[in-house]
Trainee: 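Pasting a structure below so you can have a look.
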Amino acid sequence: MKRAGTFFAAVAVLILALGMAAWQFVDQVSSQLWMNSIRTITESTHQGANALNIQLEGDFDALDVMWENIVQARPSELKLVLTLYQVVEPDVVLYFRDKGSVRENVKPDQAVSDFLKDTALERGLLDSHISSVTGEDVFDIFVKVFFEDGTEAYLVKEYRTREIAQQFTLSFYDNKGFSYLVNRDGGIMVRPAHKNSNQAIRNLFDTISDTENDPDRIAKFQKAVQGLDSGWEKFIYEKEGMVFCYEPLRADSEWLLVSIVPENEITVQTNNILKRTMIFSGLVAGTILVMAAVFYGIKMHESRKYTSQLQRALEEADKANRAKGQFLMDMSHDIRTPLNAIIGLTSIARENTGDLARIEDCLEKIRISGIHLLSLVSDVMDMSQIEQGANILKEESFSISRIFSEATGFMGHKAQEAGLTMEIAPVRLEKEYVVGDPLRVRQILLNIIDNAIKYTPSGGKVFLELTQAGEDGEGKGIYRFRCRDTGIGMEPEFLERVFLPFERARNTTFSKIAGTGVGLAITKSLLDLLGGSISVESEPGKGSYFTVEFCLKLQKEASPPVEEREGDEVAVPEEAGEEEVLDYTSRRVLLVEDNELNMEIAVELIGITGVQVETACDGQEAVQMFGEHPCGYYDLIFMDIQMPIMDGYEATRQIRGMDREDAGKVPIVALSANALAEDVKNSLQAGMNSHVAKPVELDSIEKVLAQYFR
């Protein structure tokens with residue numbers, strides 16, 4: 001009996017010791033998880049503020065550059081120069097202290113005018129307000145400038161708060177916590193648009209009641225915010241704990257980015273882990289009477305396992321935050337590079353108005369910079385479509401040899417400009433005529449070659465080879481493309497990430513290389529769709545060697561596609577010979593566009609063809625104009641999509657539904673910046689005949705007119 005009492009006493013002591021150890025473990029893990037969560041929120045807030053800083057500082061610099069060019073204009077040229085700048089900076093307006101803004105037919109924003117009359121600041125950020133011009137919630141940055149005669153003025157750039165909210169405000173824990181832009185007095189300047197965010201509060205300090213919180217801590221927090229400090233604090237708001245993480249903006253502003261997250265959402269994951277730990281501890285305590293030592297060892301092993309998993313999860317979260325911040329900085333740099341060229345070349349052209357050759361050279365370089373800027377956006381959108389599974393391959397007959405020749409010919413010019421030698425091995429194919437998506441095959445080849453040129457210094461070489469590796473036995477040919485360069489190469493650890501989106505090899509010598517970092521990721525995804533593969537061998541300083549394999553369905557007949565056969569005139573109507581001069585002067589089109597600048601450009605481009613152009617500023621006006629004129633009055637309608645009052649889809653449906661002979665026949669062509677495959681599908685479903693994506697060039701207009709006016 002005494003021995004049993006001793007045994008149970010020992011067991012009780014052991015259980016008590018284990019209970020205390022478990023309690024300490026739970027407390028330690030809970031504290032660590034809490035602080036790591038706070039650090040993650042703080043770092044995300046810092047990255048968000050940093051991204052907005054980059055945007056604002058870049059825009060301040062752009063205003064300075066703009067003024068250096070504007071100040072050289074004569075007074076009579078001022079409005080013309082500002083109108084030209086509207087092409088690249090449509091939201092920038094010049095305000096005189098006493099005269100308002102300089103913009104044709106547009107009144108100044110009264111709030112901006114009133115502020116600039118009283119402010120003594122040289123530059124800064126104007127609090128958000130309702131614009132008296134547009135009725136939208138906006139805020140502005142401004143830079144004070146002086147004309148040579150001493151006249152004071154301000155260059156002001158306007159931002160729409162809803163757009164800034166979409167780009168720079170953050171959300172946490174499945175849209176339970178959000179970030180807000182506030183001024184140093186606590187006023188909410190920009191709030192997230194999500195329905196879960198607090199839309200009622202007008203001032204940050206109104207959320208902190210001194211009846212629920214320590215007044216000294218409230219005062220300390222207000223002092224930190226007013227002093228534009230960074231940090232975090234926890235308060236009670238409506239009987240619920242809330243964590244406030246704040247980070248100031250540095251770009252000549254007195255604003256902060258403040259993230260407000262419910263304490264309960266931060267601790268919910270910790271509580272789940274703690275709950276599982278307590279259940280586990282209870283099981284251990286229940287079975288310890290038999291195998292105390294064994295289960296104690298198991299408990300410690302499981303505890304280490306959970307801690308390791310939590311640590312890995314935290315490291316992945318930190319890595320994702322760093323990648324997001326790096327991508328924002330890369331895109332800010334890469335987008336501003338062609339924008340800088342466009343702005344600078346515009347200034348050069350203006351200074352050489354008498355030199356036609358110089359102006360033509362500037363315009364061509366501006367066009368190339370615009371194409372490069374569009375390619376950056378297209379890369380990101382392509383990656384987004386592929387990740388969403390929206391990429392559909394076409395089935396067309398084409399020559400793989402011809403696609404290879406076109407790709408090498410196009411990139412050969414780029415290699416020559418970069419000072420590189422491109423060597424192309426003889427093409428060895430048993431069967432060159434295939435069925436597939438020629439656009440995507442060309443994109444794969446171009447992305448690989450472009451990557452080689454981009455990372456190979458001047459004087460280097462790029463070797464290209466296309467061969468056929470046989471057939472797969474199911475009517476498909478196996479094609480192999482190789483690309484070897486003498487470029488900078490890649491570190492072994494980077495080879496593991498080379499096909500991930502937004503990854504670029506970073507090297508101090510090649511830090512100026514521009515791009516989104518998705519070219520190889522897009523290539524890998526397209527090859528996955530084709531059932532192909534890609535591999536790479538590389539060493540730092542010795543270049544890289546890419547090998548691509550993909551399968552394409554072989555044509556049943558050995559003859560070339562229709563468009564390549566000699567003497568075949570089916571694709572070219574007799575009336576469209578080389579000597580034909582197309583006359584569209586008797587044709588009339590209706591252009592529907594809500595943006596004045598876009599309308600001006602489109603009218604000019606369409607007018608070059610000789611077509612008569614009439615305009616409507618929204619879908620409702622277009623429907624009215626079509627209905628008021630007789631049948632056949634309009635030969636074609638160019639229809640924008642996103643417009644106020646009535647969008648292009650609804651306008652098209654109403655026109656098609658009219659009880660008149662030409663309502664179902666008149667060609668309606670979408671002319672829209674909505675350029676995704678889903679947008680094209682929506683246009684066709686609404687009743688439109690085709691879709692042309694902005695930016696629009698004269699060649700696109702001519703192709704549409706040739707298609708529908710024959």
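Numbers here simply count residues along the sequence, with the first being 1.
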Trainee: Given salt bridge (charged side-chain N to carboxylate O under 4.0 Å, His left out), test D229 with K223 step by step and report yes or no.
Mentor: CA-CA 9 Å; D229 294 330; K223 183 178 179 181; over 6 Å; no
Trainee: Return yes if some donor-acceptor pair links the side-chain N/O of S259 with the main-chain N/O of S179 below 3.5 Å, else return no.
Mentor: no
Trainee: Please check: side-chain N/O of N53 versus main-chain N/O of A49, any donor-acceptor pairing under 3.5 Å?
Mentor: yes
Trainee: Looking only at non-hydrogen atoms, find the nearest pair between Q642 and D594 and report the distance.
Mentor: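 Closest approach of Q642 to D594, heavy atoms only: O-OD1, 3.5 Å.
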Trainee: Any idea which heavy atoms bring S253 and L125 closest together, and the distance?
Mentor: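 Here S253 and L125 meet closest at CB-CD1, 3.7 Å.
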Trainee: If you take all heavy atoms of D640 and S672, which pair is closest and at what distance?
Mentor: OD1-CA, 4.0 Å
Trainee: With a 4.0 Å cut-off on N to O distance, would you call D64 and R123 a salt bridge?
Mentor: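 Yes, this pair counts.
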Trainee: For the pair S197 (side chain) and P192 (backbone), establish whether a donor and an acceptor sit closer than 3.5 Å, ignoring hydrogens and angles.
Mentor: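 Yes, because the side chain of S197 sits within donor-acceptor range (under 3.5 Å) of the backbone of P192.
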Trainee: Whether the side chain of E593 engages the backbone of N595 through a donor-acceptor N/O pair (distance < 3.5 Å, no angle test) should be reported.
Mentor: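 Between the backbone of N595 and the side chain of E593 there is a qualifying donor-acceptor contact (under 3.5 Å).
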Trainee: A side-chain contact here means heavy atoms from C-beta on lying under 4.5 Å apart; do Y95 and S113 qualify?
Mentor: yes
Trainee: If only atom types and distance count, is the side chain of T456 paired as donor or acceptor with the main-chain N or O of A452 below 3.5 Å?
Mentor: yes
Trainee: Are F244 and V225 close enough that some pair of their side-chain heavy atoms sits under 4.5 Å apart?
Mentor: no
Trainee: Please give me the minimum heavy-atom distance between S700 and V692, naming the atom from each residue.
Mentor: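 Looking at all heavy atoms of both residues, the shortest contact is CB-CG1, 4.1 Å.
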Trainee: Looking only at heavy atoms, which two atoms of E158 and S131 are closest? And how far apart?
Mentor: OE2-OG, 4.0 Å
Trainee: Which word best sums up how the rings of F142 and Y154 line up, parallel for under 30°, tilted for 30 to 60°, or perpendicular for over 60°?
Mentor: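 The arrangement is perpendicular - the two ring planes meet at more than 60°.
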Trainee: Determine, step by step, whether I164 and F139 satisfy the side-chain contact (heavy atoms from CB on, under 4.5 Å) criterion, reporting the C-alpha distance in whole Å, the side-chain angles of both residues, the deciding distance to 0.1 Å, and the verdict.
Mentor: CA-CA 10 Å; I164 295 298; F139 68 91; 3.8 Å; yes
Trainee: Pair F178, F172 - check ring-ring contact (aromatic ring centres under 6.0 Å, His included), show working.
Mentor: CA-CA 6 Å; F178 299 89; F172 304 87; 8.4 Å; no
Trainee: Testing the basics here: between G607 and V613, what is the closest heavy-atom pair and its distance to 0.1 Å?
Mentor: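 Closest pair (atom of G607, atom of V613, distance): N-CG2, 4.3 Å.
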Trainee: Between F96 and F147, what is the ring plane arrangement, given parallel below 30°, perpendicular above 60°, and tilted in between?
Mentor: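 Rings of F96 and F147: parallel, as their planes differ by under 30°.
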Trainee: Tell me whether the count of non-hydrogen atoms from other residues, nucleotides or ligands lying under 6.0 Å of CD in E604 goes above 12.
Mentor: no
Trainee: Would you mind telling me which of L52, V258, L256, I188 makes a side-chain contact (heavy atoms from CB on, under 4.5 Å) with L181?
Mentor: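 Among L52, V258, L256, I188, the one that satisfies the side-chain contact (heavy atoms from CB on, under 4.5 Å) with L181 is L52.
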Trainee: Is there a donor-acceptor contact under 3.5 Å from the side chain of Q47 to the main chain of E43?
Mentor: no
Trainee: Whether K461 and D485 form a salt bridge (side-chain N of Lys/Arg under 4.0 Å from carboxylate O of Asp/Glu) is what I want to check.
Mentor: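 Salt bridge: no.
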